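These numbers were taken from a predicted model, which means no experiment stands behind them.
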Amino acid sequence: MSDVLVTATELRDALAAGGFADGGPVRVLDVRWRLDRPDGLPEYRAGHIPGAQYVDLDHELAAHGEPTDGRHPLPPVEALQEAARRWGIDDGDTVVVYDDLKNLSSARAWWLLRYAGVADVRLLDGSLRAWTDAGFDAETGDATPPAPGSVTLAYGALPVLPLDEVAGFADGALLLDARAGERYRGEVEPIDPRAGHVPGAVSAPTTENVGADGRFLAPEALRARFTELGALPGVEVGVYCGSGVTAAHQAVALTLAGFTPRVFPGSWSQWSNHPELPVATGAEPR
């Protein structure tokens with residue numbers, strides 16, 4: 001499909017062949033995670049793509065620090081590298097990630113591994129539903145642990161937006177808020193200490209980037225959407241969400257649309273824990 005997405009059939013064929021025609025050996029990661037049910041291991045054990053290794057988003061794709069760091073700060077690269085080797089990843093492998101939630105959580109693995117220098121990371125378009133709807137076999141229990149990998153990781157392969165640059169960025173570029181509109185407007189805030197959004201940010205719920213089947217919209221449709229939101233030629237695009245998870249999903253959509261987004265990893269959970277930073281509510285004029 002692209003260098004970002006794969007279909008269930010393409011993945012099945014690559015697993016049977018030992019790799020993609022345009023990639024390396026395939027490593028599949030299952031990233032089940034939901035805000036209300038962060039431990040996805042029971043669902044993984046109930047049925048997953050054969051050979052897929054379970055990834056714990058809260059503990060392997062995030063660190064845990066002070067509230068001022070946000071709810072899902074990036075893990076130390078050494079810790080991520082240790083986990084990636086445990087998943088069996090070597091330099092040059094093609095990594096395919098998926099979840100059971102329209103890739104809203106597995107996108108975190110896609111973005112983080114790419115940021116850490118893994119060049120070929122792809123999402124199963126339509127997530128696990130696409131695999132099961134195609135009638136392909138699932139595996140239960142825990143997959144056989146792979147031989148330890150030897151991948152070497154280093155952060156910096158993708159552009160990011162650190163906390164101290166966010167306010168200035170929103171003044172002169174396009175900053176997209178990937179959360180639901182009611183959280184952006186400050187009508188509700190179930191998790192973080194303050195309701196609202198970064199002043200100057202534009203509401204762009206990432207759930208609108210996929211169809212009812214959980215597959216991403218066509219690149220031209222995504223590009224039209226972001227252009228309407230203000231992603232014009234020469235304008236940088238940044239994105240944040242609640243804690244840096246679904247911002248990665250928005251980054252996937254932006255990448256498919258031909259943009260090079262900058263992710264604010266700390267997102268609203270970090271911004272709202274800094275009382276010295278301003279908060280806006282309601283709808284921003286465009």
Side-chain angles (χ1 to χ4, degrees), residues 1-15 20 23 26-58 60-62 72 87 89 94-114 118 120-143 178-180 205-219 221-222 239 241-257:
M1 295 180 65
S2 70
D3 58 357
V4 176
L5 303 176
V6 298
T7 67
T9 299
E10 288 170 338
L11 176 56
R12 180 204 58 181
D13 293 348
L15 289 170
F20 291 93
V26 186
R27 310 296 177 194
V28 183
L29 304 181
D30 184 308
V31 193
R32 309 283 183 98
W33 179 89
R34 296 170 185 256
L35 193 58
D36 61 342
R37 198 165 67 245
D39 182 6
L41 189 57
E43 285 79 8
Y44 165 83
R45 286 174 170 161
H48 57 265
I49 293 175
Q53 300 298 308
Y54 174 70
V55 175
D56 186 327
L57 187 149
D58 271 344
E60 295 178 309
L61 302 182
H72 288 110
W87 303 327
I89 300 175
T94 296
V95 181
V96 177
V97 300
Y98 74 91
D99 57 33
D100 58 356
L101 193 65
K102 301 180 180 180
N103 284 315
L104 288 167
S105 55
S106 61
R108 169 74 171 207
W110 175 88
W111 182 84
L112 186 58
L113 288 171
R114 289 199 61 204
V118 180
D120 192 359
V121 188
R122 312 183 192 192
L123 284 154
L124 174 58
D125 198 25
S127 59
L128 182 62
R129 174 181 168 184
W131 182 270
T132 56
D133 283 354
F136 300 150
D137 291 339
E139 179 181 54
T140 58
D142 293 322
R179 297 173 300 162
T206 197
T207 51
E208 296 179 12
N209 294 320
V210 296
D213 59 359
R215 291 177 169 83
F216 281 91
L217 303 181
L222 292 170
V239 61
C241 61
S243 69
V245 175
T246 55
H249 190 269
Q250 189 89 290
V252 172
L254 285 160
T255 301
L256 290 169

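Salt-bridge formation is not detected for the pair D39/R37: no Lys NZ or Arg NE/NH1/NH2 atom is positioned less than 4.0 Å from an Asp or Glu carboxylate oxygen. Salt bridge annotation for D142-R45: present, with a cationic side-chain nitrogen under 4.0 angstrom from a carboxylate oxygen. Note on D36 versus R34: no salt bridge recorded, every NZ/NE/NH1/NH2 to OD/OE distance being 4.0 Å or above.
Proximity of a side-chain donor or acceptor of E139 to a complementary backbone N or O of G51 within less than 3.5 Å is detected. At least one donor-acceptor pair closer than 3.5 Å links the side chain of Y54 to the backbone N or O of G40. With hydrogens and angles ignored, the 3.5 Å screen pairs a side-chain donor or acceptor of E60 with a backbone N or O of D56. For the pair N103 (side chain) and Y98 (backbone), a donor-acceptor distance under 3.5 Å is absent.
No side-chain heavy atom of V245 sits under 4.5 Å from any side-chain heavy atom of L61. Side-chain contact check for L217 versus N209: every heavy-atom pair is 4.5 Å or farther apart. Residues V26 and V96 have side chains in contact (heavy-atom distance under 4.5 Å, counting atoms from C-beta outward). In this structure, T94 and V121 have side chains that are not in contact, with every pair of non-hydrogen atoms separated by 4.5 Å or more. I89 is listed as a side-chain neighbour of V95, based on a closest heavy-atom distance under 4.5 Å.
For A257, the side chain to side chain contact (heavy atoms under 4.5 Å, CB included) partners are L222, R223, F226, F259, not counting sequence neighbours. Residues forming a side-chain hydrogen bond (donor to acceptor under 3.5 Å, both in side chains) with D58 (at least two apart in sequence, or on another chain): W33, H72. Residues passing the side chain to side chain contact (heavy atoms under 4.5 Å, CB included) test with T9, sequence neighbours excluded: T7, R12, D13, F136.
Atom CG of L104 sits about 4.5 Å away from atom NE2 of H249, to the nearest 0.5 Å. A distance of 9.0 Å separates OG in S105 from CZ in R32, rounded to the nearest 0.5 Å.
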>> Apply side chain to side chain contact (heavy atoms under 4.5 Å, CB included) to residues V252 and L123 and explain how you reach the verdict.
In response: CA-CA 9 Å; V252 172; L123 284 154; 3.5 Å; yes
> For C241 and T206, what are the C-alpha separation, side-chain angles and deciding distance, and is it a side chain to side chain contact (heavy atoms under 4.5 Å, CB included)?
Replying inline: CA-CA 9 Å; C241 61; T206 197; over 6 Å; no
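R108 approaches S243 most closely through the heavy-atom pair NH1-O, 4.2 Å. Closest approach of A248 and A107 over heavy atoms only: CB-O, 3.4 Å.
Counting only N and O atoms by type, the side chains of S127 and D100 include no donor and acceptor under 3.5 Å apart.
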